[in-house]
Structures are given as C-alpha cells and as structure tokens.
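Below is one structure, written out as structure tokens; comments come after it.
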Protein chains: 2
Amino acid sequence: MTRLAPSNRLRRTWWTEAVEASGVSAWTVYNRTLLPSVFRSPAEDCAHLKRAVQVWDVACERIVQIEGPGADRLMQRLTPRDLDRVGADRCAYLPVCDSRGGMLNDPVALRPRPGVWWLSLADGDLGLWVSSLAEGGFDVRVTEPDIQTLAIQGPNAPELAGRVLGNAVRELPFFGFAWLPFDGAEVLVSRSGFSKQGGFEVRVASEAKAHALWDRLMAEGADLDVRAGCPNTIERIEGGLLSYGNDMTRDDTPAEAGLGRYVQRFDCIGGAALRDHRPRRRLMAVELEGDPPVCDREWPLLNDDGDRVGRIRSAARSEEFRCGVAIGMVAMDYGPGDRLTCMTQDGPLAATPKERFWR
Amino acid sequence: MTRLAPSNRLRRTWWTEAVEASGVSAWTVYNRTLLPSVFRSPAEDCAHLKRAVQVWDVACERIVQIEGPGADRLMQRLTPRDLDRVGADRCAYLPVCDSRGGMLNDPVALRPRPGVWWLSLADGDLGLWVSSLAEGGFDVRVTEPDIQTLAIQGPNAPELAGRVLGNAVRELPFFGFAWLPFDGAEVLVSRSGFSKQGGFEVRVASEAKAHALWDRLMAEGADLDVRAGCPNTIERIEGGLLSYGNDMTRDDTPAEAGLGRYVQRFDCIGGAALRDHRPRRRLMAVELEGDPPVCDREWPLLNDDGDRVGRIRSAARSEEFRCGVAIGMVAMDYGPGDRLTCMTQDGPLAATPKERFWR
C-alpha cells in the first residue's frame, strides 16, 4: 500500500471533490496536479470504459497559451510538425524537441481563436521552455490560463455529449474542435482523448461551469451507465497510446517513439539533429507471457545471449487479449515474433515484439 | 486514505527500496520523483528528528548542471542574487524569476568544480527554463546528470556524518561544502538541508556508492538512534523553511516570499520588474488556534469585515509549541498580533500573524 501525502504543491482541480465522492481509489500526480488513476480496479475500469461511458478529470493537462504577432513563428520553432498543414478547426499532436532532438513533451495544440495557440500538455513544465524561448525576441505573451479539461470517453460518449452539449458534437471529426454553448457560456469541445474508445474533451474556463458540466453529465448519463473514470493503463497500452515520461523521455527522439511521421520540417529547435538522425530502436507493442507485476521501474529486454536489446516501461495484464500487454523500446535488429526476455522485479517473463498494437 | 498509483513516470531513486524497507507510510511526488513524506506519523517523525538523527532520500532535488565559458554569465542572468559575493566553497540559495519577477524556483547553487555550476532544484522543471535560455547565445552545456542526494539531519548528524565521512565534515560552516572521500570515491558534502536541526547533504554519482552510503549510515548510527526520515512539515513550518509550490509560486515575487535580501542586482531576467516592485503582502508565521485539518488546498485569511487579506498554504499542529503553526501570505496592512480568521475546509480557525517563526 503506497499512500500519497496531500499538500498544496499537488494541485486539486475543480473536479477533485466530485472524483473523491465518486470513489476514486488511487491517484497519480501529473503536472503537479492530482489525476485519478483507479476507481474499482484497473481491469474493471477498463471493461466499463469499453462498454459504456466515463467522465474523466484531466485538468492535469495544463494549458499553455501563446498569443501575439509572433505566436505562429514561435510555435513553428517548437515543433518539427508542419503547422501550415493543420486546419484552423483541428487539434494537432506535436512532438516538441530540445536541440539534440530529444522529446520534451508531446502536447496537443489548437488555435482557440485566430492568433492564439493553446498547448495542452503531457507531464512536464513545457511552459517554462516556451516562456524562456519567448524572451528571445518573439513578440508574444505566454501564460498558463486556468482552463481545465473534462474528458468524456467510451462508446456511449457521443450520445452523452450530444445530450449535454448539443448534437453538433456528433458532427465533429476526429481531432476537430468547436466552441459550443453550455449553461450560458461557451466551452471548447474537441473529439479527442487518451483512449481508443472515442469521445470528447471539454475545456472549461470557470469553476462554476466545471461543476455544472460534471453534474449534467452524471445526471443525463444515468441510463448510459456513466461513471467517473480516468485514463486506463490497460486500455491505453492495448491501443498503443504513448505516455510521456513512461514510454519516452528527453532521451528519446520522435522517430524512436514512432512519431517520425510528425517530423515534417527542420527549421525548428532540434531540426538539424532530427534531419541527421537514424534511429536504431523504436517503440513497439510487446506481448508478455503471464501476468506482469506493477511496472514501476524500467525492465530490461534481453536476447538469448543475455544482451540488453531494449526496455519496457509500461505493462499490464489484458483480460480482453488474454496476455500481458506492454510498450517496449526495441533495437532495430529485433522485430515482430522475436523471442526476448523481460526482466521484471519479480523475475523474467517471455516477451515477443508484435507488428501492431492490439487495438 | 489516498493511494498513489505507481508508474515509471514517477521516478524511483537509488534509495527507494531502502526507504520502503524502512517502513515509509506515505509519499509525495517532487520533480516527478518519489519523496518519502511520512514514516510513523508526522508528529512522531518530528519529535525524533529533533532528538536524534535521520537519513533522508532527497534524490528528488534534481541537479541541473551548467558548464562552459558562458556559465557564470548565464547563472547571473538567472538570479537577482549577486553571485560575485558567493564563495567558491559555499552553497547559495537563489531566487530564480521570470520576466515579471515571479518566482520560478528557489534552488541551491554551488560550483562543484571551477567553471561548473550545479542547481539543486525545488519542485519544478527549471532545467527546461535554463536549457531554453542557453539556446540564446550562451556558450554553455546544460545537463541533468544523475546525481542523487542523501540528507543527514538532526542533532546527532555531525557525529554520524563524522563517523562515516570523516571528521572534516564537522569543520564545514553552514552552507559550506567539500568533496570528501567515501568508499573509494568522492562525494560532495554540504552543511545544509531542509530542517532547522542542522546536518548535511551528500551528493552521490553512483548507485553502488548510494547503497553503500545508506548502509554505512544505518550501521554506524545504531547507537545514535538513526532512522530513515524525510522533510517534516511540522518542523519546517516551525522553522519558517519555505516550500516552493506550497508557500510561493510563480505568482509571488522574492520580496513577497520574504527573500528580498537576495535581490541584490537587476541585470537578470525579471530585473526591471524587481527594481520597480513594491510588495503589498509578505509571507509570515501565522499561529492557528486548535488542530488544523490537512492543508491540501488554499485557505483564505479574512479580516473582521470578512474581506480576504491573505492566504495559508502550509499548516500543521505543533506539539512542541502547542498550537497550529502555519505560513501565510498576508497583506502589508496586517501584522503581528492582528486577529484574522482562516477558512479551512473544516470551518474557520482563529489566526494570528507573528513577528517571527517559532524556531
């Protein structure tokens, strides 16, 4: 049993009280903010997410706002993704790299208004990187407005979001967004979220609206079996959704993280390094035999000779696929079907890289 | 009961296993690293810290290293403290500010070797700020070497450190440091630490030495009643030791945080804002009547008219001083002896600002 000691340094959100009242059983800390991690059990939460609809407090996805005449130019310095190709009504998943091409974060970016960018952050104070960079002659203002995000995820998400936010949400394409009226205000709704079950993320700018939104979703979703939920480790590994800080860090490049398709131009920080980069390893789905223990430390992947040829930093037992599911960084010399050994704290497990993730 | 879900994103340290074996009962997360927070109870841990000696895993104090010809110049851009006045064998506590004068971190800086600076960080990815800044034409290399820190704190700390690290440690002045031999290597030992009981911090560069150091301290300290411990909320509030992210954030200036004495020059980032700044509030000791609840959210301080005149973000019950002890940000119009009301989640408590902290 690992208890978390509360303090102001670990920020509560507008929904923390509702999450507590909904029976959360474990938390994690993400961007110095509380993020619920388990309600009933990872397996039960996973099964429910796949059959019904959940409401997630993901206020830990802190927003960095960049506005001013230099905003577009600064944004394109931040990422090798070509932002000219991103529609004004679309979210864009971005690798952000340091000068060596190492990944600093993988935020989702969007333009809530012309001339303004929001970066919705993975775990890491990317705002410090952006504001320091902004000091260097960009005509921009960088802030972290208190905008908090509630996700609605699961097969019943379109029905529930339609009831509460209007049927326009059903028309949103994947990664599209729109401002929609809610309770006398406007909220930004995108078709996105950290699951493969489909759904929405709703960005709210006031605590009163945040509470109203939670209450409405719970009330209108009763017949849809709505529950408070959270990003689920099993489901996101099955679907190959990467977690920054787990699967990749500053020591890994976008190509190594399987994000090479987002490296589209080189006039950004790290561009020269990215252009010359020839990855010798990449993230892959790895099937584990049996029931892996808690993956709270890095597990080496060994070949038959006992040489280290990779690592695993996310793993869980999947009831649906009846195996251990994991995300591994594997040397290019090894590929689908190869038999490797994963060294966990509880002993070795047979490990087989796979061509694709499970979903 | 608030459970913490483990993951690789929350880094284990070289001492996590030893801390677990020593009976830690609660953790916090600090710089995305596990930091023990409670062993027996906050009150028991506090009493023991004041009478014996504890060994703390504070590897969460991540080290940012700045080296190269531009290191001194970059360092002086980072802080309003005059680094010319800091001796080469001394640690220096530094406010680091953004361009508005808001505090980004309050690291301890030192020069482990000529031409090299280490910043030992409070909670926040200041490394991102520093490395982004370094891109702007400083001839430096910024890294985060894996150097981990073990603290030895309490009245028996000089005796224990003397036995394990040699009697030279006893000669170190407050905030002095030296490289000292340990187990065939050198470790950097400073007379510092996040308690008012005195002691040392030992920075280690290898996991094997880290384990050897822990084991030696535990073995040699048996008759000194050594225990695994951790920064203690009660003791640090009694002593007025500030916690970045709790007591002050980017919304507060050094002067507001009571750190005006470290604002010594203005040719740094935020210098212009700091020169023109007239603080209208400052951190103070605040005595609370009774037994405060867990301070996991901001508590407003109200005057007799019910107007908000401050806030409290750290509070605990002190057995030694037989009152609630707190650190509050209080408007300049109010001072020692004024009767205020602190609004906690469990109701109001009488609150009185004090001239000084308890220790």
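Small disclaimer: the values here were computed from a predicted structure and weren't measured.
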Pick whichever of A:S37, A:S132, A:G245 has the most heavy-atom pairs under 4.5 Å with chain B.
A:S132

I need the minimum non-hydrogen distance between B:S131 and A:R250, along with the two atoms involved.
OG-NH2, 3.4 Å

Between B:R297 and A:S7, is a side-chain contact (heavy atoms from CB on, under 4.5 Å) present by the stated rule, with each step listed?
CA-CA 7 Å; B:R297 61 203 82 185; A:S7 73; over 6 Å; no

Which of B:T249, B:N246, B:D98 touches chain A most, by non-hydrogen pairs under 4.5 Å
B:N246

Given that the side chain runs from C-beta out, which part of A:L104 has a heavy atom under 4.5 Å from chain B: side chain, backbone, both or neither?
side chain

How about residues 8-17 of chain A versus chain B: which residues have heavy atoms under 4.5 Å apart?
A:N8, A:R9, A:L10, A:R12, A:E17

Pick one of side chain, backbone, both or neither for A:V294, based on which atoms fall under 4.5 Å of a heavy atom in chain B.
side chain

Of the backbone (N, CA, C, O) and the side chain (C-beta and beyond), which part of B:Y244 lies under 4.5 Å from a heavy atom of chain A, both, or neither?
backbone

Taking atom CZ of B:R308 as the centre, does the number of heavy atoms from other residues, nucleotides or ligands within less than 6.0 Å exceed 12?
yes

Just wondering, are more than 12 heavy atoms of other shown residues or ligands nearer than 6.0 Å to CZ in B:R317?
yes

Which residue pairs pass the salt bridge (charged side-chain N to carboxylate O under 4.0 Å, His left out) test with at least one member in residues 28-39 of chain B, sequence neighbours excluded?
B:R32-B:D125

Under the side chain to side chain donor-acceptor pair (under 3.5 Å) test, residues paired with A:E135 that sit two or more places apart
B:S99

Pairwise distance OG1(A:T2) to CH2(B:W27) - rounded to 0.5 angstrom:
8.0 Å

Chain B contact via A:S243 - side chain, backbone, both or neither, heavy atoms under 4.5 Å:
side chain

Which bit of B:I269 is near chain A, if near means a heavy-atom gap under 4.5 Å: side chain, backbone, both or neither?
side chain

Residues at least two apart in sequence or cross-chain that pass side chain to side chain donor-acceptor pair (under 3.5 Å) with A:D291, listed by chain then number, are none

B:D296 to A:P6 - nearest heavy-atom pair and separation
CB-CB, 3.7 Å

How close do A:W129 and B:L128 get, counting heavy atoms only, and between which atoms?
CE3-O, 3.3 Å

